[in-house]
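For reference, the structure discussed in these notes is given below.
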Amino acid sequence: MKTIDLRSDTVTLPSPEMRTAMANAELGDDVFGEDPTVNRLQEMAAELLGKEAALLVTSGTQGNLAALLTHCQRGEEVIAGKLSHTLNFEVGGASALGGLVMKPVRNDSNGRLDLGEVRGAIRPPDDHFARIGLICLENTHNLCGGTVMGEEDLASVRDLADQHNLPVHIDGARIFNAAVALRVPVSRLAAFADSVTFCLSKSLGCPVGSVLCGSREFIAEARRYRKMLGGGMRQAGILAAAGVYALENMVERLAEDHENARIAAESLADIPGIALAPPPQTNLVYFTIEAWELGAFVRRLAEEGVLCFDEGGRIRWVTHFGIERADVEEAVARLRSVMAAGIPLRRAGV
Ligand code: TLP
C-alpha cells in the first residue's frame, strides 16, 4: 500500500533534476560571501521579491527571528496575530533570545489582523509603555487555512504602519502560494512590507532553507544575527542550488497543489459529518469530523497509509510536490472506508 503523506509540504523530496543541480553547484565559503550559488540565489530572490537584498537562512524560524531581531531593540513590542506561526510555533525565540514582547492581536478568518486591535496596540509614547518595534503579518496564513492576503489587505496594514512610522515584516513561508493563487507577481505582495521571509523547504520542494529579503542595510544587519543564531553556513551553495532550481521551475506548479487541495476539499465536503474549516484557498485543507476523537482518527488513517496532523480541533491535509490528483482521490477513498468501517470513538456531545 502506498503511503500518502499529507502532513506538510515540508515532507517534499528533491526531484532528480533538483539533485543534479545540487550536485553540480559551484561552491565557495558563504561566511566569506564567496559562494557563487548562494549569491546567485540571493540576487534572484531579491529581484523576484522586489527588494534590494536577500539572505539564505536555515529555516523559516531563523529567518523570522533574524528579521525581528534586526527590526527591534530589546524590550520592544512586536504586534502579531494570535494565530500566527511566529507567536505559536517558533519556540518563543523573539522573547527568549531577543528580549522582545509579543503583542497578540485577533486574526480574522482570512488571517488578516484586526486593524482596530492593531490601532489599540500602538500606544502613545509614555514612560510606562514598551515601544512598538514591528507589525508582523503571515501570508498565506497557516492556522487560518492557507488563506491569502491580497494587495488591499496588505495596503491597509501598510497605511497604518506608515502613520506610526513602523516597519512591517511578512512571514511569507508560503508567499509564492499566495502570489500564484492571486495570479500576481510575488513582488506586488512583498511591496507592502519592509522585510519578507519565504521558505524554500515547503511548497517549493527544496530539502532545506528559507530566504529573508529586505533593504541592503537591513540584510547586512540580519546577516550578523544569522551568524549569531548559528546560521553562518559554509559551502551552502549545495542548498542554494536547490533554491535556484525551485525559483526557476517549481513556482508555477503550485497551481496544481491548489487544484488538488480543491479536489480533496470538494470530495471531503460530500461526506456526511465532515465540514471544511474553511474551504481551501491554496494548498492547506482543514476539516472537522463530527463523530470522532481526532487523535484516534488520525491514527486510524495512518494505519491505512494516509498521514496527516490534527491541529486545533481540526485535521489538516497539505497538498504538495509528489502528491498527484490520484493520491488525493485515494486518500479520500481510504478516509471514507475508515469512516464506514470504524466504530466512532466518541459521539459529539456524549
Ligand atoms: N510550518 C510547519 C510547522 O511548523 C507547523 C508546517 O508544517 O506548516 N511560518 C509559517 C507560516 C510556517 O507554516 C512555518 C512552518 C514556519 C514559518 C517555520 O518554518 P521552518 O519549519 O522552516 O522553521
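Model, not experiment: these values are computed from the prediction. Each ligand, and each atom within it, is numbered from 1 in the order the structure gives.
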Sole residue of N110, T140, N177 in side-chain hydrogen bond (donor to acceptor under 3.5 Å, both in side chains) with Q281: N110

Short N/O distance, under 3.5 Å, between G60 and ligand 1? yes

Interfacing atoms of ligand 1 (cut-off 4.0 Å, heavy-atom, S8): 6 (C), 7 (O)

Below 4.0 angstrom, N of the basic side chain to O of the carboxylate: do R262 and E259 qualify? yes

With a 4.0 Å cut-off on N to O distance, would you call E304 and R334 a salt bridge? no

So that I can tick it off, tell me whether R40 and E248 are bridged by a salt bridge, with the cut-off set at under 4.0 angstrom between side-chain N and carboxylate O. yes

What atoms of ligand 1 come within less than 4.0 Å of a heavy atom belonging to T61? 18 (C), 19 (O), 20 (P), 23 (O)

If you count every heavy atom of other residues, nucleotides or ligands that lies below 6.0 Å from Q163 atom CD, does the total exceed 12? yes

Short N or O distance, H85 and ligand 1, threshold 3.5 Å exclusive: yes

For R299 and E303, what are the C-alpha separation, side-chain angles and deciding distance, and is it a salt bridge (charged side-chain N to carboxylate O under 4.0 Å, His left out)? CA-CA 6 Å; R299 285 193 293 280; E303 284 164 17; over 6 Å; no

Flag for H169-S195: side-chain donor and acceptor within less than 3.5 Å: yes

Is there a nitrogen or oxygen of R316 sitting under 3.5 Å from a nitrogen or oxygen of ligand 1? yes

Ligand 1 contacted by E90 (non-hydrogen, < 4.0 Å): yes

Report yes or no: does a heavy atom of R7 sit under 4.0 Å from some atom of ligand 1? no

Can you tell me which portion of Q62 lies within the under-4.0 Å heavy-atom range of ligand 1? Options are side chain, backbone, both, or neither. neither

Assess whether atom CD of Q73 is packed by more than 12 heavy atoms of other residues, nucleotides or ligands within 6.0 Å. no

So is E311 touching ligand 1 or not, going by heavy atoms under 4.0 Å? no

As an exercise, identify every atom of ligand 1 less than 4.0 angstrom from a heavy atom of R174. 6 (C), 8 (O), 13 (O)

Under a 4.0 Å N-O cut-off, is there an ion pair linking R226 with D30? yes

Polar atom proximity, N64 to ligand 1 (N or O, under 3.5 Å): no

So is S210 polar-close to ligand 1, meaning N/O to N/O under 3.5 Å? no

At under 4.0 Å between heavy atoms, which part of A173 makes contact with ligand 1: side chain, backbone, both or neither? side chain

Kindly check if the number of other-residue, nucleotide or ligand heavy atoms within 6.0 Å of CD (E47) is above 12? no

Can we say R158 and D194 salt-bridge, meaning some charged N sits less than 4.0 Å from an Asp/Glu carboxylate O? yes

For S59, the ligand 1 atoms whose distance to one of its heavy atoms is below 4.0 Å: 22 (O), 23 (O)

Within a distance under 4.0 Å of any heavy atom of E138, pick out the atoms of ligand 1 and give their elements. 11 (C)

Closest to atom 13 (O) of ligand 1 among I175, N142, D171 (heavy-atom distance): N142

Give the residue, atom name and distance (to 0.1 Å) of the protein heavy atom nearest atom 15 (C) of ligand 1. K202 CE, 3.0 Å

